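This report concerns only the one structure given below.
Whatever order the structure lists them in is the order used to number ligands and atoms, beginning at 1. Note that the structure is predicted; figures quoted are calculated from it, not measured.
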Amino acid sequence: MPKYIFVAGGVMSGIGKGVTTASIGKILQSKGFGVTAIKIDPYINVDAGTMNPVEHGEVFVTDDGTECDQDIGNYERFLNEDLSTDNYMTTGRVYDAVIRRERNLEYGGKCVEVVPHIPNEVIDRIQKAAKKTKADFVLIEIGGTVGEYQNLLFLEAARMLKLQHPKDVLFVLVSYLPVPKMIGEMKTKPTQYAVRTLNSSGIQPDIIVARSEVPIDQPRKRKISIFCNIQEKDVISAPDIESIYEIPINFEKDKIGTLILQKFGIGAKKENLKDWANLVKTIKTARKKVKIGIVGKYFETGDFTLSDSYISVIEAVKHAAFFHKLKPELTWLSSEVYEKNPGKLKELKNFDGIIVPGGFGSRGVEGKIKTIEYCRKNKIPYFGLCFGLQLAVVEFARNVCGMKDANTTEIVKHSKYPVIDVMPEQKALIAEKRYGATMRLGTYPCQVKKGTIAYSSYSKAKWGKENKKGDILIQERHRHRYELNNEFKSNLEEKGLIMSGINPERDLVEIIEIKNHPFFVGTQFHPELKSRPLNPHPLFREFIRACIR
Ligand code: GLN
């Protein structure tokens with residue numbers, strides 16, 4: 001019988017529930033158990049694929065092509081496991097399934113009701129994921145904050161599962177404790193209210209993770225203990241720290257792993273967080289900097305700048321930097337600024353390398369193309385991800401092959417040189433407005449040609465399998481509707497664009513690069529989605545190597 005640990009949030013969002021869940025998973029894994037994690041998002045969207053990144057943050061993609069919440073990325077990075085559609089749930093998904101089943105007369109003529117049918121569907125899905133992954137521990141993160149209308153049915157599911165299996169379910173509340181400047185003291189009252197609200201859903205937390213600027217002290221642990229009906233030892237200190245990868249190490253200072261095992265009445269099979277501890281040591285001791293600029297457009301919301309839209313890119317850069325024992329320094333650069341004021345491009349020289357990540361639509365595109373031209377001509381290491389490959393091809397066609405006004409048909413429908421074009425099967429989908437989960441999604445194979453930068457990167461890191469010809473076959477994750485137009489392939493190749501990775505089934509260009517440049521590589525897939533802290537992605541590794549050179 002697997003054990004279930006629900007993680008809910010108190011007081012406010014954005015306090016790191018996802019990395020807390022992932023860290024608890026990592027700790028249990030290090031004690032010799034199989035762990036999986038599920039993210040529940042309370043919104044109606046069936047998946048994250050149709051949401052604007054500024055609204056929602058990055059859309060993460062799993063091997064099986066599920067467009068999901070960025071927390072799935074956190075789980076994969078911490079647990080070093082590939083997750084699937086079973087690890088992700090939204091209100092929309094759950095209702096969609098129940099309604100479909102009702103239409104198929106699968107409820108035997110019964111009145112189908114919000115309770116219990118919706119929570120039952122949630123429980124079924126959790127149990128299905130448990131069975132499929134054969135995990136000893138299933139962590140379930142309930143999105144949003146306690147007290148919200150939206151996640152009530154998921155809390156109800158958690159309560160019902162506990163009722164069915166009283167010994168196998170545990171509740172963790174990750175709650176925020178503010179230290180208001182004018183008071184100068186950590187306040188517990190908002191957390192007391194959060195627990196009371198949770199209690200009104202029939203749930204008593206077993207563990208409270210006290211998120212705050214600083215570690216929680218004994219008097220405040222005592223206060224939480226008295227007012228929230230919980231033992232002092234069950235309050236875990238979770239202060240702000242420099243790196244999220246330090247969280248498992250920090251949690252273990254309060255022995256959260258042992259605490260959880262004791263509550264379930266089981267003993268640890270082993271203790272091994274050594275690799276992780278070494279990683280954290282590197283992160284904390286690295287001094288030499290590598291400066292990377294990310295040129296995108298999903299940064300600004302009102303007066304605030306967010307980097308959530310590119311979280312996997314950022315983490316992948318960090319993993320590779322840590323591999324080289326460097327301190328990564330990332331800067332957000334707005335492509336729209338370069339569009340309006342090309343004089344500003346000069347600032348790109350202040351960086352060791354530039355990344356143009358994935359993107360959609362026309363805003364800021366010309367600024368990105370100018371960025372790429374500047375990197376190519378000034379020999380600044382350049383790494384283009386998905387849209388970053390497509391626009392590098394556009395730039396090369398325009399400025400090297402003399403195809404004036406070359407473009408992608410995503411931006412200009414009828415250009416003279418449509419060097420990037422919509423994939424044939426995508427045309428019908430767009431015409432019918434069938435946008436949900438219809439891009440080219442998930443893992444596809446790519447054959448990497450011997451003698452290229454891409455080849456040496458993958459071979460050095462021992463990723464992929466070599467075939468008889470000496471090429472390497474890799475598997476990478478995708479999310480796009482447009483592709484390099486093969487009609488222009490030979491023209492581009494003649495002028496020096498190297499197609500170093502090809503999808504063997506459909507002859508699609510997956511990787512491009514150029515010679516006589518320290519590093520100029522673009523990928524149609526998203527390598528950032530497969531980078532892990534202890535196993536950085538080969539192309540990011542070599543990109544950073546070129547940056548420091
Ligand atoms: N907009 C481009 C496409 O749909 C690139 C997508 C991306 O960068 N993820 O093909």
Salt bridge present between Asp86 and Lys128 (N-O < 4.0 angstrom):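 Salt bridge flag = yes for Lys128 with Asp86.
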So, does Thr409 use its side chain to make a donor-acceptor pair with the main chain of Val422 at under 3.5 Å?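 It does hold such a pair.
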Should the pair [X] and [Y] be assigned to parallel (<30°), tilted (30 to 60°) or perpendicular (>60°) ring geometry?
X      : Y      : value
Trp276 : Phe78  : tilted
His480 : His478 : tilted
Phe519 : Phe383 : perpendicular

Starting from atom 7 (C) of ligand 1, what is the nearest protein heavy atom, named by residue and atom, and what distance separates them?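 Protein heavy atom at minimum distance: Cys386 SG, 3.0 Å.
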Of the protein's non-hydrogen atoms, which lies at the shortest distance from atom 4 (O) of ligand 1, and what is that distance?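 Among all protein heavy atoms, the one nearest atom 4 (O) of ligand 1 is Arg481 N, 3.0 Å.
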Only heavy atoms of [X], strictly under 4.0 Å: list the atoms of ligand 1 that pass.
X      : answer
Arg479 : 6 (C), 7 (C), 9 (N)
Glu410 : 1 (N), 2 (C), 3 (C)
His526 : 9 (N)

Looking only at distances, can you tell me whether any N or O atom of [X], backbone or side chain, sits closer than 3.5 Å to an N or O atom of ligand 1?
X      : result
His480 : no
Gly359 : yes
Tyr482 : yes
Phe387 : yes

Kindly say whether the aromatic ring centers of Phe387 and His526 come within a distance under 6.0 Å.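 No, the ring centres sit 6.0 Å or more apart.
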How does Met439 reach ligand 1, if at all, at less than 4.0 Å between non-hydrogen atoms: by side chain, backbone, both, or neither?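 Within the 4.0 Å criterion, Met439 makes no contact with ligand 1.
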List the atom pairs, with distances to 0.1 Å, where a side-chain N or O of residues 60-69 and a protein N or O form a donor-acceptor pair under 3.5 Å, not counting sequence neighbours.
from  : atom 1 : to     : atom 2 : distance (Å)
Thr62 : OG1    : Asp64  : OD1    : 2.6
Thr62 : OG1    : Thr66  : N      : 3.1
Asp63 : OD1    : Thr443 : OG1    : 2.6
Asp63 : OD1    : Arg477 : NE     : 2.8
Asp63 : OD1    : Arg477 : NH2    : 3.4
Asp64 : OD1    : Thr66  : N      : 3.3
Asp64 : OD1    : Thr66  : OG1    : 2.9
Asp64 : OD2    : Thr85  : N      : 2.9
Thr66 : OG1    : Thr85  : OG1    : 3.3
Glu67 : OE2    : Arg479 : NE     : 2.7
Glu67 : OE2    : Arg479 : NH2    : 3.2
Asp69 : OD1    : His56  : NE2    : 3.4
Asp69 : OD2    : Lys39  : NZ     : 3.1
Asp69 : OD2    : Asp71  : N      : 2.9

